[in-house]
Each structure stands twice: as C-alpha cells, then as structure tokens.
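Comments concern the structure below.
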Amino acid sequence: MPPKVRELITRLERAGFVNRGGKGSHRNFVHQDINKPVTISGKPGDDAKKYQVRAVKEVIRELIK
C-alpha cells in the first residue's frame, strides 16, 4: 500500500525542508543544502505516486550524505 501524500510531506518537513508554496495542489519543498526543489502534488489524503516516493527518498538520502 503506497504512503499518503501527507506522509511524504511529513518526511520532508522532518528532514528540514520548507514548503515554498505552489499552484493548485502542488507544493514545492526547498532545503538550504539541496539545490533543486522537490515538488509534491495531490491532496493530503491521496495515495502518493511511485515517482513521488522515489524523489523523497533520493533527496533525503542525498541530504544525509
């Protein structure tokens, strides 16, 4: 079962990312140590897409290095 969009947002916020807003259901999360933003789309209760889960895992892994 895929995680919910709200769970991805929580993971990003715990890692120090800040929501810089976006259009519609899109949210752009930025971090001072990462050059490119991570965009998460969808309502908080929606199931996250595979590419969204992958993007969050990759950016958090890059932050830990």
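Start at 1 with the first residue, then count along the sequence.
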Check: Roughly how far, to the nearest 0.5 Å, is CZ of Arg54 from CD of Glu58?
Finding: 7.0 Å
Note to self: Membership question, hydrophobic clusters at under 4.5 Å side-chain separation (ILVMFWY): are Leu63 and Val38 in the same one?
What the structure shows: yes
Checklist line | Interatomic spacing from OG1 in Thr39 to CZ in Arg20 - rounded to 0.5 Å | finding: 13.0 Å
Notebook entry, point to check: Closest approach of Ala15 and Ile60, non-hydrogen atoms and distance?
Noted result: CB-CG1, 4.2 Å
Next item on the list: Would you kindly confirm whether Ile64 and Phe29 end up in one hydrophobic cluster when ILVMFWY residues are joined by side chain heavy atoms under 4.5 Å apart?
Entry: yes
Next item on the list: Look up atom CG in Leu12 and atom CG in Asn19, then write down how far apart they are to the nearest 0.5 Å.
Entry: 9.5 Å
Check: How about Asn35: does its CG atom have over 12 heavy atoms from other parts shown lying under 6.0 Å from it?
Finding: no
Check: With hydrophobic residues grouped by side-chain heavy-atom distances under 4.5 Å, do Val53 and Met1 end up in a single group?
Finding: no
Checklist line | CD1 on Ile9 to CD1 on Ile40, rounded to 0.5 Å | finding: 7.0 Å
Check: Are Lys49 and Pro2 close enough that some pair of their side-chain heavy atoms sits under 4.5 Å apart?
Finding: no
Next item on the list: Apply the test salt bridge (charged side-chain N to carboxylate O under 4.0 Å, His left out) to residues Asp46 and Lys4: give CA-CA distance (whole Å), side-chain angles for both, the deciding distance (0.1 Å), then the verdict.
Entry: CA-CA 6 Å; Asp46 290 347; Lys4 299 292 183 183; over 6 Å; no
Check: So do Phe17 and Arg11 actually touch side chain to side chain, heavy atoms under 4.5 Å?
Finding: no
Checklist line | Rounded distance [0.5 Å steps], CD in Glu7 versus CG in Asp47 | finding: 9.0 Å
Check: What distance separates Leu8 CG from Arg27 CZ, expressed to the nearest 0.5 Å?
Finding: 10.0 Å
